[in-house]
Amino acid sequence: MKKIIAFFLILLGLIFVACGKESGIGEFIDKEKISSEYNIEKEDENSIKFKDKDENSEVYRIFSIEKMLKVDYNNPNKLDKLEEFYLNHDWKTLYKDEETLMVSHEEADTQGYEYNIHTFDNSKAELAIIVSVGATRKVSEAELVNMLKEAKSFIKKKYNKIFFGRES
């Protein structure tokens, strides 16, 4: 009887360890798709950063997908804090809703344009997706939305349905 109880206690302990283990960013993203289309600049257990292969294009993009800390993820004011930071540094808000912020900045000296898009899913995904854009021309809001959709396309389909409410 003691062996059976010990077996079940060990099994129960293993289940708790497996359930408590946090998964890395690799479980959520399609790294093969990313590496076929972009240069991976940085990757660790909790984030991946990748950029356009053509560094001389008129619109240059850098994508980041990061797992957020629970304290940051659960903060209901995270977009307001981001927006406040950008506004204090002479950026303009282009678009904002409950989960997405798009901001822009024009460099007077270089006549270049910078855009940042931040989005957070409203599920238990705890992922932040950031698209940073440098351009030699103005980029339309529609183009920025398409860039955000592209960034979301790197999330594995089974997670897209869970995290973004649909499969892409």
Side-chain angles (χ1 to χ4, degrees), residues 6-55 57 59-86 94-103 114-135 139 141-168:
F7 172 75
F8 282 115
L9 287 175
I10 291 170
L11 184 61
L12 187 61
L14 290 174
I15 290 170
F16 281 122
V17 168
C19 290
K21 184 179 181 225
E22 290 201 24
S23 53
I25 192 76
E27 181 179 324
F28 301 107
I29 60 167
D30 187 344
K31 187 175 172 187
E32 188 175 309
K33 181 178 178 181
I34 292 170
S35 61
S36 70
E37 299 178 28
Y38 296 91
N39 291 331
I40 296 176
E41 186 174 274
K42 177 188 160 235
E43 180 182 9
D44 60 33
E45 185 65 23
N46 296 313
S47 67
I48 186 166
K49 185 176 185 178
F50 50 101
K51 59 186 181 176
D52 283 327
K53 289 184 177 186
D54 181 8
E55 294 185 17
S57 67
V59 177
Y60 183 73
R61 302 164 302 169
I62 300 173
F63 299 87
S64 297
I65 301 174
E66 303 174 3
K67 281 185 64 182
M68 296 174 57
L69 299 173
K70 287 198 186 289
V71 68
D72 294 330
Y73 175 75
N74 292 326
N75 181 352
N77 302 318
K78 60 184 166 281
L79 281 177
D80 295 333
K81 297 273 186 201
L82 274 172
E83 183 178 33
E84 181 181 326
F85 171 81
Y86 282 116
L94 298 176
Y95 174 83
K96 182 180 176 189
D97 65 19
E98 299 82 35
E99 62 185 38
T100 303
L101 174 67
M102 291 183 188
V103 293
E114 297 174 48
Y115 302 89
N116 279 341
I117 308 166
H118 296 267
T119 193
F120 305 95
D121 60 84
N122 286 332
S123 68
K124 303 245 187 262
E126 301 172 17
L127 292 178
I129 299 172
I130 302 122
V131 182
S132 298
V133 181
V139 177
E141 190 175 315
E143 288 176 289
L144 293 171
V145 168
N146 285 336
M147 290 177 203
L148 179 58
K149 285 180 183 177
E150 183 177 5
K152 287 181 178 183
S153 77
F154 296 113
I155 307 297
K156 289 182 180 175
K157 287 188 184 242
K158 68 180 180 178
Y159 295 107
N160 257 344
K161 187 170 185 177
I162 296 167
F163 300 152
F164 301 113
R166 67 187 183 288
E167 287 191 40
S168 47

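Side chains are part of it too, since the values below use all heavy atoms of this structure and drop only hydrogens, waters and symmetry mates.
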Identify the heavy atoms of [X] and [Y] that sit nearest to each other, and give their distance.
X	Y	value
Ile25	Asn46	CB-C, 3.9 Å
Val59	Ser57	O-OG, 2.7 Å
Leu79	Glu98	CD1-O, 3.4 Å

Give the ring-plane orientation class for Phe63 versus Phe50, where under 30° counts as parallel, over 60° as perpendicular and anything between as tilted. parallel
Evaluate the side chain to side chain contact (heavy atoms under 4.5 Å, CB included) criterion for residues Phe28 and Ile65: first the C-alpha distance (whole Å), next the side-chain angles of each, then the deciding distance (0.1 Å), finally the verdict. CA-CA 10 Å; Phe28 301 107; Ile65 301 174; over 6 Å; no
Does [Y] offer a backbone N or O that forms a donor-acceptor pair with the side chain of [X] under 3.5 Å?
X	Y	answer
Thr119	Glu99	yes
Asn116	Val103	no
Asn77	Asp80	no

Checking Glu150 against Arg61 for the side chain to side chain contact (heavy atoms under 4.5 Å, CB included) test, could you report, in this order, the C-alpha distance in whole Å, the side-chain angles of both residues, the deciding distance, and whether it holds? CA-CA 11 Å; Glu150 183 177 5; Arg61 302 164 302 169; 2.6 Å; yes
Just verifying a value: how many Å separate Ile129 CD1 and Ile29 CD1, rounded to the nearest 0.5 Å?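 Answer rounded to 0.5 Å: 10.5 Å.
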Once rounded to the nearest 0.5 Å, what's the spacing between atom OH of Tyr38 and atom NZ of Lys53? 10.0 Å
Take Glu143 and Val133 through the test side chain to side chain contact (heavy atoms under 4.5 Å, CB included) and record every step on the way to the result. CA-CA 11 Å; Glu143 288 176 289; Val133 181; over 6 Å; no
Would you say Lys31 has more than 12 foreign heavy atoms packed within less than 6.0 Å of its NZ?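 No, NZ of Lys31 has 12 or fewer neighbouring heavy atoms, counting only those of other groups under 6.0 Å.
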Do other residues, nucleotides or ligands put more than 12 heavy atoms under 6.0 Å from the NZ atom of Lys33? yes
Would you check if [X] and [Y] make a side-chain contact, meaning some heavy-atom pair closer than 4.5 Å?
X	Y	result
Thr100	His118	no
Val145	Tyr95	no
Leu94	Tyr115	yes

Residues in ring pair (Phe, Tyr, Trp, His ring centres under 6.0 Å) contact with Tyr60, at least two apart in sequence or another chain: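 Tyr60 satisfies ring pair (Phe, Tyr, Trp, His ring centres under 6.0 Å) with no other residue.
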